[in-house]
Amino acid sequence: MRSLAVVTVLLSALACSPSGGSAAPTPAARPPVQDAGAPGIGDRDFPLDGNGGYDVAHYGLKLGYDPGRRFLTGTATVQASAKQALSRFNLDLAGLTVDQVSVDGAKATFDRKGDELTIVPAAPIADGARFTTVITYSGRPQPVKDSSNLGTYGFIPTQDGAFVTCEPNGAKTWFPANDHPADKARFDFEITVPKGLVALANGEMSRPAATSGGKTTYHWRERHPMATYLATMTLGKFELRQGRTPAGIPNLAAADPRFRSALDRLHTNTGKITDYWATVFGPYPFSSTGGVVDDFPAGYALENQTKPMYGGFDPDESIVAHELAHQWFGNSLTIKRWRDLWLNEGFATYAEWLWSEHSGRSTAETIFAGFRARPASDPMWAYPPGKARPGDLFNESVYTRGGMTLHALRKAVGDQVFFKLVKEWATTNRHRHVSTEQFVALAEKRSGKQLDSLFDAWLFQPRRPA
Ligand code: TRP
Ligand code: ZN
């Protein structure tokens, strides 16, 4: 408080000094535009991801893709509400050519710089107003090639279509987005592809597919809030298996013909595991479950909402358990800043251990003890999982040590409190945003224990917990 007061006094002294003095404003700095929305949503680790000043309620994405030319055409209708007066605002968009923008039906001007699309509506938007932006665009989408441990993500063209996995910020490679999990929205997709191909997006089909003039159009709707990184428009030749889980949730599995032999097992395991997680974590948060095996050799999986993607392999139960646990932890309960990523990956990793225990293989305790035995010099102990780092977001520590944190908590509070707590966490925060602080507070409240030092040692210290 005291140092803040000193700074304030200094600043006002500078502001009062006559121009021409030592405190003259730097001539290069452009004056800020009044009522401009910020170019980032406020995640200090990802300063340009997402945008400030508004909140998206709905994306309507009308998309066409030609795999031969690898060419995308799109019309994005973005419904949002202003959180401040807006003379201009940004969306995130990487590459592609914007042809036209309108706001509330009036032509708007726009500007591109890096991955920021700045839109200047014909008339300023009032604080609190709902407004609709329509962007028509086209081009050849380019995936993000990350130099750190992320590899390639975003819209990835394949032989017969596209493999679309966007965590953390690759949605902007195929649609103009407020591309940060702090702004979730509902989605409608209308995707047109050459006849013979299938387009798979999130949620359920809102109309039957229709073919005319050699093209097929698919309509998909995700009616629950979704973070942009979980959106997909995966395209290609697919075999489908449709049905319900034993408990009755619609379940759609899809596999590239090269992975035909994985289809039945994926469908069955997805049904069985979705239902089991509903008994552990509370009701399934979405209107359908499923999974997609494509032939793009990503070697990884992503928890795309309602349809996890498995890139180029026949997924075993463990990874299906991981991706389906994310439907609760990450997709329904969503982080507001990437630093809290252990709330996604630690929970999904711990779910793998719980699935192992449930299936009569190794118990979570055995798996935990195996990792616990790693020498103090192991790099996992130097990386505190509660502070996921922007250049190394998906470090093994965020997964494994994040999962270990939950097991340490389980041991400290006992099974009964632990499982009640996890279910309450997932149920009361359904479709909301969450933070590490909230989880710690709930754990303390439900256990009646002081857990600061446990969480501090497991999540925040750069060393192996004692
Ligand atoms: N969230 C994924 C998982 O652990 C991993 C992941 C991160 C990923 N970024 C990705 C997968 C990009 C595909 C594409 O399940
Ligand atoms: Zn994961």
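In each ligand, atom 1 is the first atom listed, and ligand 1 is the first ligand listed. As a basis for the values below, the full set of heavy atoms in this structure was taken, side chains included, without hydrogen atoms, waters or symmetry mates.
Taking 2.8 Å as the threshold, E323 does not count as a candidate ligand of the Zn ion (ligand 2), since none of its N, O or S atoms lies below it.
With hydrogens left out, the protein atom closest to atom 11 (C) of ligand 1 is A301 O, 3.2 Å, a heavy atom. Closest to atom 8 (C) of ligand 1 among all protein heavy atoms lies L302 CD1, 3.7 Å. With hydrogens left out, the protein atom closest to atom 10 (C) of ligand 1 is E167 O, 3.6 Å, a heavy atom.
Taking only nitrogen or oxygen atoms, main chain and side chain alike, Y300 does not reach within less than 3.5 Å of ligand 1. Considering backbone and side-chain atoms alike, T152 places every N or O at 3.5 Å or more from each N or O of ligand 1. Any N or O atom pair closer than 3.5 Å counts here, and E345 shares at least one such pair with ligand 1. In terms of N/O distances under 3.5 Å, ligand 1 is approached by Y399.
With salt bridges taken as basic N to acidic carboxylate O contacts below 4.0 Å, one links R221 and D188.
Across M404 and F368, no two heavy atoms sit closer than the pair O-CE1, 3.5 Å.
In the vicinity of H322, heavy-atom distances shorter than 4.0 Å reach the ligand 1 atoms 3 (C), 4 (O), 15 (O). Close approach of ligand 1 to E303 is summarised as follows: ligand atoms under 4.0 Å from at least one heavy atom of the residue are 1 (N), 2 (C), 3 (C), 15 (O).
Centroid-to-centroid, the aromatic rings of F329 and W342 stay 6.0 Å apart or farther. Between W328 and F347, the ring centre distance reaches or exceeds 6.0 Å. Taking the six-membered ring for Trp, H407 and Y350 have ring centres closer than 6.0 Å.
For the Zn ion (ligand 2), the nearest N, O or S atom contributed by E345 is named OE1. Within H326, NE2 is the N, O or S atom that lies nearest to the Zn ion (ligand 2).
By the 6.0 Å contact criterion, CD on E437 is enclosed, its count of non-hydrogen atoms from other residues, nucleotides or ligands being greater than 12.
Taking the centre and axis of the six-membered ring of F71, the NZ or CZ atom of R69 falls inside the cone set by 45° and 6.0 Å.
D314 pairs with exactly one of R260, R258, R265 by the salt bridge (Lys or Arg N to Asp or Glu O under 4.0 Å) rule, that one being R265.
Residues T428 and E424 have side chains that never bring a donor and an acceptor to within less than 3.5 angstrom of each other.
Under a 4.0 angstrom heavy-atom cut-off, M309 registers as lying outside contact with ligand 1.
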